[in-house]
Amino acid sequence: MSQPELIVGVGGAAGDGVASAGNTLVLSLARQGIAAYSYNSYQSVIRGGHSWLRLRFSADKPLGVGDQVDAIIALNQDTLDRHLQELKPGGLVLYNGGKLTPSYDPPPGVQLCALPVPELCPASKRLPVMQNTVAVGALIQLMGLDIGGLESVLQTTFAKKPAVVESNIAAAQAGYDYAAANFTPPATQLQPTDQKWAQASGNHLFAMGAALAGCKFYVAYPMSPATHILEWFANHAQRLNICVRQVEDEISVINMAIGAGHMGVRSMCATSGGGFALMTEAIGMAGIIETPVVAINVMRAGPSTGVPTKTEQADLNQAFGASQGDFQRVIIAPLSMTDCFNTPHEAFNVAERYQIPVIILSDLLMSEGSETVDPALLDVEFPIDRGEVITEANGGEEPYLRYKNTPSGISPRALPGLPGHLYVSGTDEHDEDGVLISDVYTDPVRRKKMVDKRVRKMETVTSYLPAPELDGPAEADVTLVGWGSTWGTIVEAAETLRQEGVSTNHLQIKFLVPLHVDEISSILGRSRRIIIVENNQGGQFARHLRAETGIVADGHIRKYDGEPFEPKHIVAGVKDVLGGTQVVEVLSTEPGWRTDHPTGTSGPWAGLRVDEETKTFA
Amino acid sequence: MSQPELIVGVGGAAGDGVASAGNTLVLSLARQGIAAYSYNSYQSVIRGGHSWLRLRFSADKPLGVGDQVDAIIALNQDTLDRHLQELKPGGLVLYNGGKLTPSYDPPPGVQLCALPVPELCPASKRLPVMQNTVAVGALIQLMGLDIGGLESVLQTTFAKKPAVVESNIAAAQAGYDYAAANFTPPATQLQPTDQKWAQASGNHLFAMGAALAGCKFYVAYPMSPATHILEWFANHAQRLNICVRQVEDEISVINMAIGAGHMGVRSMCATSGGGFALMTEAIGMAGIIETPVVAINVMRAGPSTGVPTKTEQADLNQAFGASQGDFQRVIIAPLSMTDCFNTPHEAFNVAERYQIPVIILSDLLMSEGSETVDPALLDVEFPIDRGEVITEANGGEEPYLRYKNTPSGISPRALPGLPGHLYVSGTDEHDEDGVLISDVYTDPVRRKKMVDKRVRKMETVTSYLPAPELDGPAEADVTLVGWGSTWGTIVEAAETLRQEGVSTNHLQIKFLVPLHVDEISSILGRSRRIIIVENNQGGQFARHLRAETGIVADGHIRKYDGEPFEPKHIVAGVKDVLGGTQVVEVLSTEPGWRTDHPTGTSGPWAGLRVDEETKTFA
Amino acid sequence: MAMPAVAVEPKVFKPEVPPDWCPGCGDFGVLNGLFQACAGLGLDPAGVLVVSGIGCSSNLPGFFRSYGVHSLHGRALPFATGAKLANTSMTVIATGGDGDGYGIGLNHFIQAMRRNIDVTYIVMNNEIYGLTTGQVSPTSETGMKTKTTPLGNLEGMLNPLALALASGCGFVARGFSGQPKHLTDLYTQGIEHKGFALIDVFSPCVTFNKVNTYPWFRERVYKVEDTDHDPADFHAAMDKALEWDERIPIGLVYRNPAPRPSIDALDPALQGEALVRQGYTIAPDTRQDLIHEFM
Amino acid sequence: MAMPAVAVEPKVFKPEVPPDWCPGCGDFGVLNGLFQACAGLGLDPAGVLVVSGIGCSSNLPGFFRSYGVHSLHGRALPFATGAKLANTSMTVIATGGDGDGYGIGLNHFIQAMRRNIDVTYIVMNNEIYGLTTGQVSPTSETGMKTKTTPLGNLEGMLNPLALALASGCGFVARGFSGQPKHLTDLYTQGIEHKGFALIDVFSPCVTFNKVNTYPWFRERVYKVEDTDHDPADFHAAMDKALEWDERIPIGLVYRNPAPRPSIDALDPALQGEALVRQGYTIAPDTRQDLIHEFM
Ligand SMILES: Cc1ncc(C[n+]2csc(CCOP(=O)(O)OP(=O)(O)O)c2C)c(N)n1
Ligand SMILES: Cc1ncc(C[n+]2csc(CCOP(=O)(O)OP(=O)(O)O)c2C)c(N)n1
Ligand code: SF4
Ligand code: SF4
Ligand SMILES: [Mg+2]
Ligand SMILES: [Mg+2]
């Protein structure tokens, strides 16, 4: 990243306004042409608890959450206690000096920026969240930016309440001025640009991307971290004329989605791992009746209920093994929030062209985190490929064969309702005309013919889907291989490695099934040292890659503690692999941290420390 | 197989008494010390249709269904029309000459044995099934056996109706005498022995084996081909004091089974692929709450409803990918009906010792087919390994940690109800004491500790389970590799190959997850040519083997037409591989057969012939 | 789809493939009634979608000439719901068995009634699992011996009509496949009813249910139409639903005199052209608005 | 487990971990009532198993000192059923939310009542999905605006009491977490009832349900115990179940005067020692008999 960047942490309890402070900050900077990436580590309680939002800013679009924080806005004492230790040398922490006091010495070179909030903003006594505006104003000053962006955001946010706008602008200005007069700005300063930025989560981009790709039916059952897709659809259903339904369970969801897909609309649903487990039986139905449908599995840390608010990439096995028997499916893992926007359109096209179920694997990092996107990238008209759909009523001369044994394996699809093409689709094995084979004594020949027909469909899929490409120098000592959401963080880690003298390139896989075996084998065949990075314990992708290509990686960097990778984890992991470790298991903590992200400052685990040797609690 | 053998086909419509004629034949021969293996190809209709039961007899226990038939009992015209062409040279067909006439010339050297049933057994006019007894009597004579076995079976079968016994014995005798006087016995004659045989299906042996292994709770929802396990349990529930319940769906089934397992009983359930799909979410629950449970998936031809009465081995991916996230499971595929008897005991022991879910993969071939078993093998007391179970009430000094982070990863288990050990088991990630980790802001250290604890459990599993062994010569040109139910047929094919001069050995895998990677790699590392035989299209086991060991087979013999392998398919397939084909897809039909097992002698497909080139219908 | 009011010949709905049910199976009567009702209503086979689950009864779409889907065990209603919402111009009929609809599929059944989707649901209730050859069903009588209850069923008998009433279903009827004309009449009314319509049909399994046979039902059933039963009276309907004795009522047990509009009539997205006939594109200015929500 | 008839201190059931529900959440009242009822019944925490699904309400076992299981969303009842059958000496209580029990878990709920397993089921009905932050529930009122029904809920409201009555449940009650003593009383009777007992509890979600709040309920609820309602009268009970207006009844709505024995009391395998305390071995002569069935 050539442009200067700053990483900000905003911490507080649920109810302290962490998210809205973060949002105000991101939008204020976006209006000055500065891009952002954000990720929130929050607690699975509705009120109270702790929430830690990390925001990374730069004029060059940041691709991930980054490493250590440069600045903190501490909205409560807990945040000060937990996170002060995490600041980089040269970093700073902003807090309401009228209420909070650091409970230990900051790391060397860290600036304590106590804001006299009660004086700067007397209204904060009645309305404690006003402290957030003061702090945001101060931070913007310290970043080297104009206050105009913030003012315009406050104007939009409180558009209907002029008095609120006024008092907030005053609070922001007070913070801004106080910071200018009393604190030292960090060495890094951000530069405004002319670029316009939109800010959205992967979930919202999935939803909007699907709507623009012609999705007319969205059905779901709430499940974190997929629920925001449903909520976006619900809020836009009427305007966009999309049928959006929340129903009794995920079994109903997928069967309704397939029912709608069967009639001919583009139909989508989303859930997380446990809900997807309930959908698997019907995924097989879509396979045999050859109905296009798109199902998103937004992965969270498992197994089972697991850690519902934490991220992981450990549902590849489940997607691959969804439903019994051999049948055709495509599995796609988008690479970033922005890529979430494009993926539904690709998924619908491949689903309709090949008449198969398509599974999209996203994860909590992408779905609940957000990034800034160039709005021009969202202003697109997606090309629609519906495959072979019969739209003309038939004279009736020739009987229509819904499952015609064509050379491509694809049988032209008439949509129910069209005169002259009556057929029954059955989940039992059936002949070309749809009549069941399972109701006869035995019919090996027809059975094999129909299995082969469906298998044949997949012969052309890999050429229909774009092959992955190597990023970085063609020749390198290390090739980092990842899939899905780790893309941006690996890109940045590779850059750091190169700067540190480790020649590195990078291959990120988006299309998992079918895999572009030839292209991948040829790329990785030239690699000197392959290191697979994945956000799980079992190495599910490494296994998949080996199963499909025979390639065995030289090293593995894995993380399954609930938190996403930071570039430094990968950089350090690569060095460990170069030093001889085969599997590096990364943990989001640092030896010496006093709290090790523990569970609270009160309660049974208060004050526990990590034993630096064993990584267990003393 | 050194002892002489005979393969008999019994064909008729549902209601013609195919199964009971077959059963009478098997038991009659069993009482004379002759073993059998049987498999029924039947139609998914309740009445009418066609049913084709193949029985293979020999004093040496047959290990599979064998190849072509030596003798046919045709109970209706349809059977004559379809199967006459399938007889071996030297073979014979028995039928009621008073009713049926062959509609085409038999293959050369085949004897048409028309029984004048109306004369031999006048009672058959009122009771048409009496023809079956006449035919069975005649066949026993032609096999070279005494009629005593048959008489004793008829006595037991109709024990409560002496008149029926008498008339049946007379009919059998008439058939026996008529055959002696009018037909030429086949060249092969069976020799009675002193061995006692029991006859049972894999499903019944699963059930009895589980009961003897201490299963106290069996719950299921009917699904072919697993339903007979439920029916055996239901019939023995009272006598054996086992709680047996049929409930509303497979979701309820698995959750009840886990509920019961959690309290401390050995608990089992069974279903087929579609039902198993519905169970997957809860398999993950068993993984994280560490509750032992055994779930059987009796595979049938898929995908989806597929061909419910046909066999296949295509649910390995589903079992492997059951539920989201990384967790521990064992997957076992028994090798034969007899092995079905032993498998529940192994499954319960490993499930309880390691506190994990165990999935058993059977298939329709094993579950609905049956074989004779030495009764001594069934008269066993299985060793019970419950693992570390705390049975003593605790004084209360030390708090009990249900999920204690032990070196082995196994945490001693107190069963609910025991004083002094209160705990809550949660599907959320939890700490050693069971308190949720997911309800805190973030806790990478504890999260990783608990994942690692569970992972560690698997370190010793492969040594707890017996490793596969190579069968046949240590050095061979061809190593056949199979898994599960194909064992017997591969053993026989290997023998034939050796006789035909192809030096062959054989490795059959029963324990699929975890795989004995070291042992298998070392065995297959010495193989000159590896050929994997599996009853599916996609090569799911080949993929698994490659993923775990990197081994890529030189050839694949696959079958997915619904019918099981016959030794000749494998023998021919090996030759094809030696001739350069990489993937041989076997089809249960023969070029030139007039009907190619088509769907009926009437109806839209009557009289169709297979185009020998394209294997499609002309 | 334009629904011609003119009756057509029942054979229009008869396909070439003959049903492979056991001779005498109650499902033949159920199918014949459906031929008659659809013909009487003058439906176009291309405008009808019949969706079933899995079971003997669920084989029905294969024996009916229209668009059809033979889906998953228990999932006919969600599939049918999705199909109806996607193409509101189709007449959607769901069929299946007691195991399918009241066993594994029960949740969908109750919620579909609550949701009030415009689907006619015909359940061939033979009080047994037929296709899997004779296991106990949720509607098997307490005490009934089946393959899986050799000592008699220990559980209570599920009452689909009472559940339908408790779930807010606006059209609750019961027929008997031994009374084909009456059945045809119930189907006709059910299909015409705008909203979810339940027609539970006694359809004897002659092979596996040796208790609830044709004669057993013939002795007991009587038509509520022959009594002074008022199908608009919820309480009276509940009484009829609970009657299970020497006399068992069939007929239109309940019809809500002021039915709630069905969900497809309420969903704002479904008030114009059927979704399947709508274009895929979103106007550029709408797109701009969507983008601006993110800025 | 021997049940001492002597009451114990409620704090026996209070663990160290405090509930992390939102301040003011109705579930606190539900939990407190349970402390009281179990204490009043003199239960031994080691003889109680509390099983829940997933949801705010389903976090309850973590805040109750006994054996507990926090299972899967919607699956508390099957888990609890398996547990009870395996160890009939335990007092088994299932808890959860409206989404858990009446949404995804509805099939199990109805079948558990039909099956009549001896489990007490406490549903914290807040008419919203709390844990997932405010989506529509099957018990949300028609017209209610939620995150997923911004224009108002178009579906009918599910009626758990009516469904329970239609499913043959022998004990049907409704409580309100704002009336803790009354609630404790209902729990006590429910736990003592041999067979399935439903206690639906209005337990306001103060964070996401801004309609059905404490004041909303306080204005409307009245105790059937304060009226001449006869809980032995099925029809009267159905009337109470259907009442949803300015006045909403709480209390013991129905108790079957001649309840069917529960399944655990009927299953022949469960009449001796609890299964968990039975040995694993089958007598050699029984084994011989089993083998001979195959010969
Ligand atoms: C998930 C799943 N579980 C079980 C089955 C097996 N199965 C097929 S039909 C059936 C029940 C049939 O009973 P019913 O619905 O009453 O129909 P009937 O055959 O009696 O008409 C069952 C259990 C299945 N196909 N799928
Ligand atoms: C299979 C599955 N689907 C969805 C979810 C997500 N989920 C968790 S709790 C919940 C609903 C909570 O509502 P309710 O049961 O009413 O409990 P409350 O939080 O209101 O007490 C949902 C949908 C899940 N955990 N599992
Ligand atoms: S088994 Fe029963 S339900 Fe099935 S076709 Fe035969 S008679 Fe009908
Ligand atoms: S969100 Fe609602 S139900 Fe959940 S704890 Fe808060 S108030 Fe209670
Ligand atoms: Mg039925
Ligand atoms: Mg709720």
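Throughout, a chain's letter reflects where its sequence line sits, starting with A, and its residues are numbered from 1. No hydrogens, no waters, no symmetry mates; every other heavy atom, side chains included, goes into these values.
Interface remark: of the candidates G130(C), C56(C), C22(C), P23(C), C22(C) forms the most heavy-atom pairs closer than 4.5 Å to chain B.
Looking at R245(B) and E155(C), a side-chain N of the basic residue comes within less than 4.0 Å of a carboxylate O on the acidic one, giving a salt bridge.
Neither the backbone nor the side chain of P18(C) comes within less than 4.5 Å of any heavy atom of chain B. Neither the backbone nor the side chain of T146(C) comes within contact range of chain B, judged by heavy atoms closer than 4.5 Å. Heavy-atom distances place the side chain of H73(C), and not its backbone, under 4.5 Å from chain B. Heavy atoms closer than 4.5 Å to chain B are found nowhere in L106(C), neither backbone nor side chain. Only the side chain of L278(B) comes within less than 4.5 Å of a heavy atom of chain C; its backbone N, CA, C and O stay farther away. Contact of F233(B) with chain C is not made at all, since no heavy-atom distance falls under 4.5 Å.
Judged by distance alone, the side chains of N107(C) and Q111(C) do bring a donor and an acceptor atom under 3.5 Å apart.
Atom CZ of F276(B) and atom CE of M223(B) lie 12.5 Å apart (nearest 0.5 Å).
Side chains of V219(B) and V244(B) form no contact here, defined as non-hydrogen atoms less than 4.5 Å apart.
Ring geometry for F109(C) against Y102(C) counts as tilted: the plane angle lies between 30° and 60°, on a 0 to 90° scale.
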Q | CA sep, side-chain torsions, deciding dist, call: K210(C), W216(C), side chain to side chain contact (heavy atoms under 4.5 Å, CB included) | A | CA-CA 9 Å; K210(C) 304 297 188 192; W216(C) 191 93; over 6 Å; no

